[in-house]
Amino acid sequence: MYSVPKLADWSAAALDAAVRELLSALESEAAQVASEAEWRMFRDRWLARKNGMLTQVNDLWLKAAPAEAKREVGRRVNELKPLVEQAVEAAQARAHGAGAKSRLDAERVDVTLPGVQRPLGAEHPVIRTMNEICGVFRAMGYSVAEGPEIESDYYNFEALNFPAEHPARDTQDTIFLAGQEAKPARERLLLRTHTSPVQIRTMQRQKPPVRVVIPGKIHRHDAPDASHSPMFHQVEGLAVDTGITFSDLKGTLDHAMKALFGSSVKTRFQPSFFPFTEPSAEVAFSCIFCGGKGCRTCKQSGWIELLGCGMVDPNVFEFVRENGYDPAKVSGFAFGMGVDRVAMLKYGIDDIQLLFQGDVRFLEQFG
Ligand code: 2NL
């Protein structure tokens with residue numbers, strides 16, 4: 001690599017030769033600068049105050065020159081300085097350009113490649129069924145209400161005519177929250193076992209007439225198997241007005257079953273019992289798989305049981321009497337159905353667990 005020579009011959013010809021040699025070294029070193037880091041080393045080698053090439057030229061050529069040569073040496077040394085500075089500046093511009101180009105090359109994006117695929121989500125079959133059921137009742141003028149999943153004993157039992165210690169409570173397989181013993185019994189919290197508490201809340205908020213459906217999650221202390229889950233879904237409905245009769249109940253639910261399962265289904269009402277309705281009934285519709293002849297799904301009966309319903313018990317109205325629900329003046333009907341059962345029938349699902357395991361291979365079939 002080039003280094004600044006000491007001079008012995010101070011003639012004009014010898015000085016010119018030394019200058020040419022230095023400039024050619026400058027030019028070839030400048031040509032090799034290819035990056036920001038190399039440029040910095042090049043700049044320091046030539047311009048550093050301490051030991052840079054120009055400093056050495058000053059020391060070895062100008063300061064060392066005999067008095068008679070000082071003028072000629074000085075002129076040449078002065079001309080060198082701007083040349084070196086120009087070469088350094090030009091090399092920087094080139095190094096910078098080269099760096100930017102290689103970065104652009106590395107980061108180049110091919111906009112013609114296919115994009116990142118984002119799979120579309122699909123509505124869960126339970127939610128879809130819930131919306132469909134609510135839609136059938138909305139079309140008949142019902143509104144939709146929701147409420148808390150953690151409820152008090154009062155709303156889940158007391159106000160629905162399940163008195164404390166009544167055996168009907170046992171049928172609910174309730175999951176209770178721990179640490180509630182310090183509270184009065186009616187304030188103790190539990191996971192709601194039906195969405196009926198929201199109907200009580202609706203009657204507290206709204207004077208009759210009322211027509212409302214309540215979709216939601218409910219909980220029962222049940223061991224999971226193909227037809228049981230400790231968490232499942234329900235849609236309940238309530239209609240209260242003057243002069244509501246059991247015929248209104250039958251006509252409404254008969255229409256709802258036809259809207260959900262096809263206009264050719266028949267409905268069957270059989271007497272039953274619920275604490276909050278009197279009289280009460282179980283509703284079945286004619287089997288959509290065998291047309292009523294008998295098959296595996298309807299257990300050879302020709303009927304599929306789906307709903308519980310009845311006329312609202314006057315004892316329930318007593319809890320909201322002050323808000324216009326005098327049982328001597330108004331009457332109403334109520335019903336409840338399991339959404340998961342409906343979804344399984346509609347989509348031919350034989351295991352309720354599939355609905356809640358979150359397996360994408362199952363869920364993506366509903367896109
Ligand atoms: C079933 C039975 C039913 C009700 C729910 C209800 C609510 C109020 C007053 C009266 Cl606030 N009744 N709800 C009535 C009868 C049956 O559900 O088997 N569900 C799956």
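Ligands are counted one by one from 1 in listed order, and the atoms in each one are counted from 1 as well. When a residue number appears, it is its place in the shown sequence, counting from 1.
- Side chains of Tyr347 and Gln365 form no contact here, defined as non-hydrogen atoms less than 4.5 Å apart.
- Under 4.0 angstrom from ligand 1, there are no non-hydrogen atoms of His194.
- A ring-centre distance under 6.0 Å is not found for Phe274 and His194.
- Each of the atoms 19 (N), 20 (C) of ligand 1 lies under 4.0 Å from some heavy atom of Gln234.
- Using a non-hydrogen distance threshold of 4.0 Å, Leu160 registers as a contact of ligand 1.
- The aromatic rings of Phe335 and Phe137 sit parallel to each other, their planes meeting at less than 30°, with 60° as the upper class boundary.
- Of all protein heavy atoms, the one closest to atom 7 (C) of ligand 1 is Gln199 OE1, 2.8 Å.
- In this structure, the protein non-hydrogen atom closest to atom 13 (N) of ligand 1 is Glu236 OE1, 2.9 Å.
- Here Leu113 is tied to no hydrophobic group at all, with no ILVMFWY side chain closer than 4.5 Å.
- Neither the backbone nor the side chain of Ser280 has a heavy atom within less than 4.0 Å of ligand 1.
- For atom 10 (C) of ligand 1, the closest non-hydrogen atom of the protein is Phe276 O, 3.4 Å.
- Among Gln204, Gln199, Arg186, the single residue meeting the side-chain hydrogen bond (donor to acceptor under 3.5 Å, both in side chains) criterion with Tyr155 is Gln204.
- Nearest protein heavy-atom contact of atom 1 (C) of ligand 1 is Gly336 O, 3.6 Å.
- Looking at every heavy atom in both residues, Ile150 comes nearest to Leu189 through CG2-CB, 4.1 Å.
- Within the 4.5 Å cutoff, side-chain heavy atoms of Val210 are placed close to those of Tyr325.
- Looking at atom 12 (N) of ligand 1, its nearest protein heavy atom turns out to be Ala334 CB, 3.2 Å.
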